[in-house]
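What you see is a predicted model, and the numbers here were worked out from it, not measured in a lab.
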Amino acid sequence: MRDLDPAFQGAGQKAGLEIWRIENFNPVPVPKSSYGKFFTGDSYVILKTTTSKSGALRHDIHYWLGKDTSQDEAGAAAIKTVELDAALGGRAVQYREVQGHETEKFLSYFKPCIIPQEGGVASGFKHPEAEKHKTRLFVCRGKHVVHVKEVPFARASLNHDDIFVLDTESKVFQFNGSNSSIQERAKALEVVQYIKDTYHDGKCEVAAVEDGKLMADPETGEFWGFFGGFAPLPRKTAGDDDKATDSRPLKLLCIEKGQAEPVEADSLKRELLDTNKCYILDCGFEVFVWMGRNTSLDERKSASGVADELASGIDKLKPQIIRVIEGFETVMFRSKFDSWPQTADVTVSEDGRGKVAALLKRQGVNVKGLLKADPVREEPQPHIDCTGHLQVWRVKGQEKIILQASDQSKFYSGDCYIFQYTYPGEDKEDCLIGTWIGKNSVEEEQASANSLASKMVESMKFLACQARIYEGNEPVQFYSILQSFIVFKGGLGEGYKTYIAGKEIPDETYDENGVALFRIQGSGPDNMQAIQVEPVASSLNSSYCYILHNGPAVFTWSGNSTTAEDQELVERMLDLIKPNLQSKPQREGSESEQFWDLLGGKSEYPSQKILREAESDPHLFSCHFSKGNLKVAEVYNFAQDDLMTEDIFILDCHLEIFVWVGQQVDSKSRMQALTIGEKFLEHDFLLEKLSRVAPIYVIMEGSEPPFFTRFFKWDSAKSAMLGNSFQRKLTLVKSGGAPLLDKPKRRTPVSYGGRSSSVPDKSQRSSRSMSVSPDRVRVRGRSPAFNALAATFENPNARNLSTPPPVVRKLYPKSVTPDSAILAPKSAAIAALSSSFEQPPSARETMIPRSVKVSPVMPKSNPDKIDKENSASTRVESLTIQEDVKENEVEDEEGLVIYPFERLKITSTDPVTSIDVTKRETYLSSVEFKEKFGMSKDAFYKLPKWKQNKLKMALHLSCSVSDLKSQGCCSVLQ
């Protein structure tokens, strides 16, 4: 480490590429403007740094050897690569890249291709001077990345199997061999575009020539004119670029004193590798160098030299050399072994990384980013519009039974369900059809559920996205769609009844008059769940709140680690599970004897919250499924253009996978998409412990949902183009890169994050409601069951007995059927308050709370017209009002009505009326707001919701649940 090359100081501390060229056996940084330009007489060291979702930096080091580079230069590049790895903490994967035989991972850094130029520095060549354009011929190979090689400009270079690019002074031709695939042709067009932009400044014509096309086509005739006229092409002969088959068995060699000694063993096992030694695993096309954690730098350099000599002696195979460090082996390396432990202890590595950082810091090197960052845990976002129309069915044998709106969010573990959710898309209604599989459901109903859902998707001409979801592995999109989700024990279907009868086990189906315990979880009113668990003390957890009931006796239990927001969710869920009974609050540590008796006595229970596994970095795979066998190939540094319409791809996000099906995929493969996803989970190609019950989404090209497109820089116009991959790409190349489509721009999404409370414009609301009315907005933060329950509160006999009736305010619930609510005409107060929501978006409008919604109205018009329209409106939803409006109101600089702080407080002796009582702070002037809150309104509304609520409660501008109870508010209003 004392001899760390100055050129490497500070390397690998931020995401991106860094390149050095070897000059006089020393690394010299290459300017960023020259990245992607390689000379055949030079050697290079390339460092790729990526930042994982957890915040940790990962490194891949490649050393690229031009075909004319000297042996000494190549050796220097290999040694410098080992030194750079040591400086980065000894965890990088190292690759040897030989010109013409580069790995796909390396080529993906320089999309669409690299075209090495003649010349060099250290090898004695001079870099070529700019000269008159020279006609050149290139051969292109590859479906996902393109290997480009210049070949002699002669007819003998052409063949029927490959794709060739002819670069002339005024036009670039692409010649498609008759045996080449559509995907290869499409990828080669990216090379044509690169040549056009790089060597012609984007000013030249482009032509595609098909092998076997008649000379009558003018462009075909022009192409063959460069070769002296048309003539039959010879058969392709095997060359150095064609991979030879290699049937040799794997060989494991141990490096002892610079020599490779065979390791005798019946099978390859992890136990054969000693942490104090280096090994070579000869796999033919790949040669791996494994370096133990306790080996010295010299031993690693020696092992690398032995591997280089071994690879040089196999000219026909041109093997790739990959060097890995103990504890950070690649998936490919681990897959070569018959047995490899699932877990590896990397704590030593973290310790070693810290020592390296400390050493470099003493040498004056900036080590920011070298140490592993603390994981950043963010609340997952649903990335779907949550104001759509939902339908749910329970599976009964081979049929499905639709559920009433009040039961749509109540599922049983012994049953299977199908849901259909329609929501506003970019320029049409998008649809998600899915199955929810209960843990205790029978296989027959599971298969029936998936079959029925697949038929529903097929009936929609595959325009809907399909999901397969298992209980306990629900994605955030599912929770956000159902909003208030309850899972009961047992089942209602015949399948479950038959199952427990055959197993002779007791029926655990939920009984509202029996003993039941529910764990309450979620992030807010629009994402909350009640999960029925075993009614025993060990089911409790200090980080959660619970509801326990035994017939009419109802208890709520709050763990010591819960927040006010958690306790608010309990109150909301109580209205769904036991709406008409008074509960007995229990705080952890001060429970009553009756509470413990219902749970069978005290016992130990956990205190740590059940954390959702963090989302990992996505990986894209192309898939080939035939005769029950699935083959995949990873696509590195993927983009939307890598999704070919003829293929099926899988996007692996670890917690969930997406099966993307192109429009040109045959119908048989299309029908097998869900099976392909299940096979992928079964094989676990990345050896990442994929769950067999992880959610699977099947997505058809052209109907990609936002929770899929977020992983790409997405252009929906591209997926809507017609033709195969080659035809589409050719259109893009000839039109300068823009799809020739007149598609409307994407509308502003309505609360995709599931947290925004802004009221959607009427133009965005087609068929989103839970009711029959096609333009009624679904109330955010309330499930269909909640809406149905709320409707009963106009009957004083049906209210929650734990609170007296409200005195001043009246709740107008949204109905779940067109005629279930008959509302009185609006008063002047309602009209005045409603008109405030017709103004352009303001701070107050964008912060309408989730639990208090006002339905959108038409743009502002004259007052008479508004009053006339409002009198006929039936869209008043959960609006808290008072019947008197103050006159002589004052407006601030933004045109908002303002009042003094003392009149806005909930403890005020002279309270303001005719305001939105849940948004008192919006009526403060900007000056007084900043004085009280210590920040501007804009800064305040950017805070998380829970922080806003805490500040408001501290200033007496908002009530806690206990305050509301003392004021006599019913649970729904709370």
Side-chain angles (χ1 to χ4, degrees), residues 17 35-38 40 44 46 48 62 64 66-67 95 97-117 136-151 153 157-167 172-200 202 206-211 236 239-243 285 318 320 620-622 633-647 649 718 724-734 737:
L17 271 180
Y35 282 10
K37 295 180 181 178
F38 295 91
T40 61
Y44 297 80
I46 299 94
K48 174 67 172 179
H62 306 254
W64 186 87
K67 64 182 179 65
Y95 303 83
E97 309 286 354
V98 178
Q99 180 181 341
H101 301 273
E102 296 89 352
T103 62
E104 290 199 358
K105 190 169 196 175
F106 176 79
L107 291 175
S108 72
Y109 305 153
F110 306 101
K111 289 182 177 180
C113 64
I114 60 171
I115 302 179
Q117 302 177 39
R136 297 182 296 173
L137 183 65
F138 302 93
V139 62
C140 302
R141 298 187 178 105
K143 283 179 60 175
H144 307 303
V145 293
V146 187
H147 287 82
V148 179
K149 179 184 178 182
E150 186 173 356
V151 294
F153 174 34
S157 298
L158 302 175
N159 62 62
H160 298 294
D161 299 315
D162 294 320
I163 297 163
F164 296 84
V165 174
L166 179 63
D167 178 21
V172 180
F173 296 87
Q174 176 170 316
F175 175 81
N176 298 321
S178 58
N179 297 331
S180 61
S181 69
I182 292 174
Q183 296 93 320
E184 288 177 309
R185 298 177 187 187
K187 272 296 172 186
L189 277 171
E190 295 180 7
V191 177
V192 171
Q193 183 69 54
Y194 172 80
I195 291 174
K196 176 183 176 181
D197 295 338
T198 306
Y199 300 108
H200 299 272
V206 171
V209 177
E210 297 298 324
D211 183 10
K236 181 179 179 181
D240 292 339
D241 297 324
D242 299 303
K243 288 187 177 180
F285 292 126
K318 301 284 185 184
Q320 297 166 346
L620 184 68
F621 296 86
S622 65
E634 185 167 2
V635 181
Y636 299 100
N637 295 298
F638 61 84
Q640 182 184 354
D641 287 342
D642 292 311
L643 299 174
M644 297 288 188
T645 187
E646 297 80 17
D647 291 332
F649 289 83
K718 288 183 177 180
N724 60 39
S725 298
F726 173 70
Q727 293 165 339
R728 296 181 188 186
K729 190 79 71 174
L730 185 61
T731 300
L732 292 174
V733 171
K734 289 191 173 183

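- Nearest heavy atoms, Ala188 versus Gln174: C-OE1, 3.3 Å.
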Checklist entry - For Glu190 and Lys729, what are the C-alpha separation, side-chain angles and deciding distance, and is it a salt bridge (Lys or Arg N to Asp or Glu O under 4.0 Å)? => result CA-CA 8 Å; Glu190 295 180 7; Lys729 190 79 71 174; 3.0 Å; yes
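- Minimum heavy-atom separation, Phe638 to Lys111: CA-NZ, 4.1 Å.
- For Lys196 and Asp167, the salt-bridge test fails: no basic side-chain N is under 4.0 Å from an acidic carboxylate O.
- For the atom pair His101 NE2 and Gln320 CD, the distance stands at 9.5 Å (nearest 0.5 Å).
- A donor-acceptor contact shorter than 3.5 Å links the side chain of Thr731 to the backbone of Gln727.
- Closest approach of Asn637 and Asp642 over heavy atoms only: O-OD2, 4.2 Å.
- Looking at Lys143 and Glu104, no side-chain N of the basic residue comes within less than 4.0 Å of a carboxylate O on the acidic one, giving no salt bridge.
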- side chain to side chain contact (heavy atoms under 4.5 Å, CB included) between Phe175 and Ile163, worked out: CA-CA 6 Å; Phe175 175 81; Ile163 297 163; over 6 Å; no
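- Contact record, Val151 with Val139: CG1-CG1, 3.8 Å, taken as the closest heavy-atom pair.
- Expressed to the nearest 0.5 Å, how far CD of Glu102 lies from OG of Ser108 amounts to 12.0 Å.
- In this structure, CG in Leu189 is found 5.5 Å from CG in Leu730, a value given to the nearest 0.5 Å.
- In this structure the side chain of His144 reaches within 4.5 angstrom of the side chain of Ser622, judged on heavy atoms.
- Between Leu107 and His147, the closest side-chain pair of non-hydrogen atoms falls below 4.5 Å.
- Considering only heavy atoms from C-beta on, Lys48 comes within 4.5 Å of Tyr109 through its side chain.
- Put simply, the side chain of Leu166 reaches to within 4.5 Å of the side chain of Phe153, judged on heavy atoms.
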Carefully, step by step, assess Leu137 and Leu158 under the rule side chain to side chain contact (heavy atoms under 4.5 Å, CB included). CA-CA 9 Å; Leu137 183 65; Leu158 302 175; 4.1 Å; yes
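- Contact of the Leu620 side chain with the Tyr636 side chain is not registered, since no non-hydrogen atoms from C-beta on lie closer than 4.5 Å.
- Phe38 and Tyr44 have their aromatic ring centers within a separation under 6.0 angstrom.
- The pair Lys187-Glu184 does not count as a salt bridge, with every side-chain nitrogen at least 4.0 angstrom from each carboxylate oxygen.
- In this model, a donor atom of one side chain and an acceptor atom of the other lie less than 3.5 Å apart for Thr103 and Glu97.
- Here the side chain of Asp211 pairs no donor or acceptor atom with the backbone of Gly177 at under 3.5 angstrom.
- Using modelled atom types, no side-chain atom of Asp197 and backbone atom of His200 make a donor-acceptor pair closer than 3.5 Å.
- Residues Gln99 and Trp64 bring no donor and acceptor atom of their side chains to less than 3.5 Å of each other.
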Apply side chain to side chain contact (heavy atoms under 4.5 Å, CB included) to the pair Phe164 and Asn159, showing each step before the final yes or no. CA-CA 9 Å; Phe164 296 84; Asn159 62 62; 3.6 Å; yes
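- Using a 4.5 Å heavy-atom threshold, the side chains of Ser725 and Glu646 count as touching.
- By the 4.5 Å heavy-atom criterion applied to side chains, Tyr199 and Arg136 are counted as neighbours.
- When every heavy atom of Glu210 is checked against every heavy atom of Phe726, the shortest pair comes out as OE2-CE2, 3.8 Å.
- Between Arg141 and Val146, every side-chain heavy-atom pair lies at or beyond the 4.5 Å cut-off.
- Side-chain atoms of Thr198 come within 3.5 Å of backbone N or O of Tyr194 as a donor-acceptor pair.
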request  = Take Phe110 and Leu17, measure what side chain to side chain contact (heavy atoms under 4.5 Å, CB included) needs, and give me the verdict at the end.
outcome  = CA-CA 10 Å; Phe110 306 101; Leu17 271 180; 3.9 Å; yes
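- Between Val192 and Val165, the shortest heavy-atom distance links the atoms CG2-CG2, 3.9 Å.
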